[in-house]
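Order of listing sets the numbers, starting from 1, for every ligand and every atom in it.
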Amino acid sequence: MGQQGEFKVTPWTVEGLVDYEKLMRDFGTEPLTPQLKDRFVRLAGEDHLLIRRGIFFSHRDLDRVLDDYEAGRGFFLYTGRGPSGPMTLGHIIPFYFTKWLQDRFRCNVYIELTDDEKFLEESRNLTIEDVRKWSFENALDIAAVGFNPDRTFIFQDMEYVRNMYPMVLKIAKKVNFSWVRAVFGFDMSTNIGMIFYPAFQICVTFFEKRRCLIPAAIDQDPYWRIQRDIAESFGYYKTAAIHCKFLPPLTGPSGKMSASQPESAIYLNEDEKSIRRKIFQAFSGGQPTVEEHRRLGGNPDVDVPYQWLHFFFEEDDEKLRRIREEYSSGRMLSGEIKEILVEKVTGFLEKHNTRREDAREKLSLMKYEGRLAKEMWSKTIE
Ligand code: TYM
């Protein structure tokens, strides 16, 4: 990395400045065209900021999902989280979008907490106890998003493995080492747990005999590529997916926020003081002095606080347009954009964390009872 134009995206790392057009070509995904967006929004009955702003930008078979919906066959949603530590604002965004999809299309949602994956990732150095603890903590954040408890199942691989294992084995038997090596870049030193793990992440796409739609950032797409090559041999649908971009790190526009670089990210449990400090240190598109800034204007296209407002935090298109104009012309200073973002982020987190506390009780129902999943499962899996 390091050289201009070079970047790398895998389910475990994002490095460099991501060229999303190139990534779509490399991964073989389709762009979310204006026509498809229109159809999607029409069927959803309302627009969503993440669609309108192009943050969800790519897909696989979204058109087929919409055909199924119109034909009354329906579809289900699947997303997940690797419980390696506290969640960041980047991690939670796909969950808010998934909830919106659940509400608009009245779907079941399955949420996989991959405690196994995060234990196996050697660079993380986490114990079984650590990943269990983070599963619970992260599940509280996910529950705070407000999914419909009657249509949502959150589970941890280490707990739910019994129900998944027969299907996991069927998947594992169809995927050899050279295939996962090519897709994920494994090598001879990769532990055998990591080599087997993709079968778990794929398995959830077979929880129902309907088409599965996966909302996630594009880093998770390599799993879906394998799934799509084997699904029909089991009599299931190839999974569909809708991919978002990465909320850029505060430290600069390239890569993704990373738990190993706390300054790059804002965690959901961070207090206002620390949020303010991080945002005020964020990578800015402003000029070095106020005089120069007034004269030359700022560059919103590289300014991370502006990018965050555009990505998710300023819902009002007209306000965003005004901020862009004022900033580019030099009338608005970097500090002022930062102040707007601090207010938006703290407001968002305040609401999120209130719901997180309310979710504790609901969560134990969703997580431990497993009633809904058992019913769904028995209808679909032998
Ligand atoms: P994890 O925990 O790395 O990420 C959780 C979700 O957040 C997305 N994501 C981001 N989205 C926007 N901006 C960012 N900066 C950003 N960073 C991460 C991820 O794409 C993901 O949607 N192996 C998975 C867990 C998993 C999963 C799934 C995820 C299991 N099954 C199905 C999505 C769909 C993981 O470790 O995710």
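Cation-pi geometry between Lys209 and Tyr237 is not met at under 6.0 angstrom from the ring centre and within 45 degrees of the axis. Lys170 forms no cation-pi arrangement with Phe206, by the criterion of a distance under 6.0 Å to the ring centre and an angle within 45° of the ring axis. For the pair Lys245 and Phe311, the cation-pi test (distance below 6.0 Å, angle within 45°) is failed.
A salt bridge links Arg277 with Glu263: the distance from a Lys NZ or Arg NE/NH1/NH2 to an Asp or Glu carboxylate oxygen falls below 4.0 Å.
No donor-acceptor distance shorter than 3.5 angstrom exists from the side chain of Lys118 to the backbone of Arg124, with no hydrogens or angles considered.
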Using a 3.5 Å cut-off on N/O to N/O, what pairs does ligand 1 make with the protein? A line per pair would be great.
residue	atom	partner	partner atom	Å
ligand 1	2 (O)	Arg81	NH1	2.8
ligand 1	2 (O)	Gly82	N	2.8
ligand 1	11 (N)	Gly90	O	3.1
ligand 1	13 (N)	Leu247	N	2.9
ligand 1	15 (N)	Leu247	O	3.4
ligand 1	20 (O)	Ala217	N	3.0
ligand 1	20 (O)	Asp219	OD1	2.7
ligand 1	23 (N)	Glu117	OE1	2.8
ligand 1	23 (N)	Glu117	OE2	3.3
ligand 1	23 (N)	Gln201	OE1	3.0
ligand 1	23 (N)	Gln220	OE1	3.2
ligand 1	31 (N)	Tyr78	OH	2.7
ligand 1	31 (N)	Glu112	OE1	3.1
ligand 1	36 (O)	Gly82	N	3.4
ligand 1	36 (O)	Glu117	OE1	3.4
ligand 1	36 (O)	Lys118	NZ	3.4

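Applying ring pair (Phe, Tyr, Trp, His ring centres under 6.0 Å) to Phe155 and the options Phe207, Tyr110, Phe200 leaves one that passes, Phe207.
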